[in-house]
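In what follows, a structure is listed as structure tokens, so that the remarks can point back to it.
Hydrogens, waters and symmetry mates are skipped; everything else that's a heavy atom, side chains included, is used.
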Amino acid sequence: GPLRPIWVTEVGWPINVHPQAVCDQVYESLNIRTSEEIQAMFLVRSHVVLLASGVERIHWYDFMNDGNDSRNGEHNCGMIRHPDDPLGRYTPMPTYVACAVMTRRLSGAKFICREQAPETMRAYVFRRDEDTVRVVWSLVPAVLRIHAVKSFVVSDIVGHSWTVTPDGGVAVLPVRK
């Protein structure tokens, strides 16, 4: 039959700030605790892996936190805070910022390949016109040595950018988890 587009209609990670936070059986059995920063990293990683797998549309669950109970996972999946949150009404969270940065960097880009990398590192290549965008992360702190002949720009998950100039044809970059 004809090829059909693949959509992921719900993907997300709750922030579990309370030691007795309850989400669902999977999170409870794994005893996973997700901070706001980790939730933002998981958003970017999941989107990059899904885009590289040919998924056409990805929908994050949830745009806004459903409440303020730190023990309730359903209250802590959002990209912006609940209207009654003491930290600020509709305040963007790190996940919102990471999504905006990722969208800006990858908008209109086509997945090219997953580059060969050490087992604990992931490197995906996207291209938009003549621009190449690499999304790289490591499961453990690492140092990445890149063979390059000219300077290039590196951005982190929150959009801070800096120029890296290779020394002797090699650029050295620390890669965070």
Partners meeting salt bridge (Lys or Arg N to Asp or Glu O under 4.0 Å) with Asp66 (sequence neighbours left out): none

Interatomic distance, CG@Leu43 vs CD1@Ile58, rounded to 0.5 Å, equals 9.0 Å

For Arg89, is there any backbone N or O sitting under 3.5 Å from a side-chain donor or acceptor partner on Asp85? no

With no hydrogens and no angle check, is any side-chain donor or acceptor of Thr91 less than 3.5 Å from a backbone partner on Gly88? yes

Could you state the interatomic distance from CG (Asn68) to CG (Asn76), rounded to the nearest 0.5 Å? 8.5 Å

Can you tell me how far CE of Met64 sits from OH of Tyr90, rounded to the nearest 0.5 angstrom? 6.0 Å

If we only count heavy atoms from C-beta on, is the Val101 to Ile157 side-chain gap below 4.5 Å? no

Within the structure provided, determine whether Tyr124 and Glu115 are in side-chain contact (heavy-atom separation under 4.5 Å). no

Any heavy-atom pair between the side chains of Pro94 and Glu37 that's under 4.5 Å? no

Between Glu56 and Arg4, does at least one N-O distance fall below 4.0 Å, as a salt bridge requires? no

Shortest non-hydrogen contact from His75 toward Asp69: ND1-N, 3.1 Å

Quick check on the hydrophobic clustering: are Leu50 and Ile38 connected, directly or via other members, by side-chain heavy-atom contacts under 4.5 Å? yes

Only pairs under 3.5 Å count here: list side-chain donor-acceptor contacts from residues 142-155, not counting sequence neighbours, and write none if there are none.
unit_1 : atom_1 : unit_2 : atom_2 : d
Ser151 : OG     : Thr165 : OG1    : 2.9
Ser155 : OG     : Arg105 : NE     : 3.2
Ser155 : OG     : Arg105 : NH2    : 2.8
Ser155 : OG     : Ser161 : OG     : 2.7

Check: Val11 and Tyr61 side chains under 4.5 Å, non-hydrogen atoms: no

Same hydrophobic cluster for Leu106 and Trp7, using side-chain heavy-atom links shorter than 4.5 Å among ILVMFWY? no

Indicate, with yes or no, if Met121 and Ile112 share a hydrophobic cluster defined by side-chain heavy-atom contacts under 4.5 Å among Ile, Leu, Val, Met, Phe, Trp and Tyr. no

Around atom OH of Tyr96, are there more than 12 heavy atoms of other residues, nucleotides or ligands at under 6.0 Å? no

Is Asn65 reaching over with its side chain to a backbone N or O of Gly78, donor-acceptor style, under 3.5 angstrom? yes

Below 4.5 Å, heavy atoms only, C-beta onward: do Glu36 and Met93 meet side chain to side chain? yes

Can you tell me how far apart SG (Cys113) and CZ (Phe126) are? Round to the nearest 0.5 Å. 10.0 Å

Trp162 versus Val164: any side-chain heavy-atom pair under 4.5 Å? yes

Begin from the C-alpha positions of Arg122 and Val136 and carry the test side chain to side chain contact (heavy atoms under 4.5 Å, CB included) through to its verdict. CA-CA 6 Å; Arg122 305 293 183 266; Val136 180; over 6 Å; no

His59 NE2 to Thr9 OG1 distance, which is reported to the nearest 0.5 Å: 7.0 Å

Are Cys99 and Trp60 side-chain neighbours, meaning at least one heavy-atom pair lies under 4.5 Å? no

Any side-chain donor-acceptor pair under 3.5 Å between Thr95 and Gln39? yes

Can you tell me if Asp129 has over 12 outside heavy atoms packed within less than 6.0 Å of its CG? no

Could you tell me the separation between the CD1 atom of Ile6 and the CG atom of Leu3, rounded to the nearest 0.5 Å? 9.0 Å

Does any part of the side chain of Ser53, heavy atoms only, come nearer than 4.5 Å to the side chain of Phe111, both counted from C-beta? no

Between Met102 and Val49, is there a shared hydrophobic cluster once you connect ILVMFWY residues whose side-chain heavy atoms come closer than 4.5 Å? yes

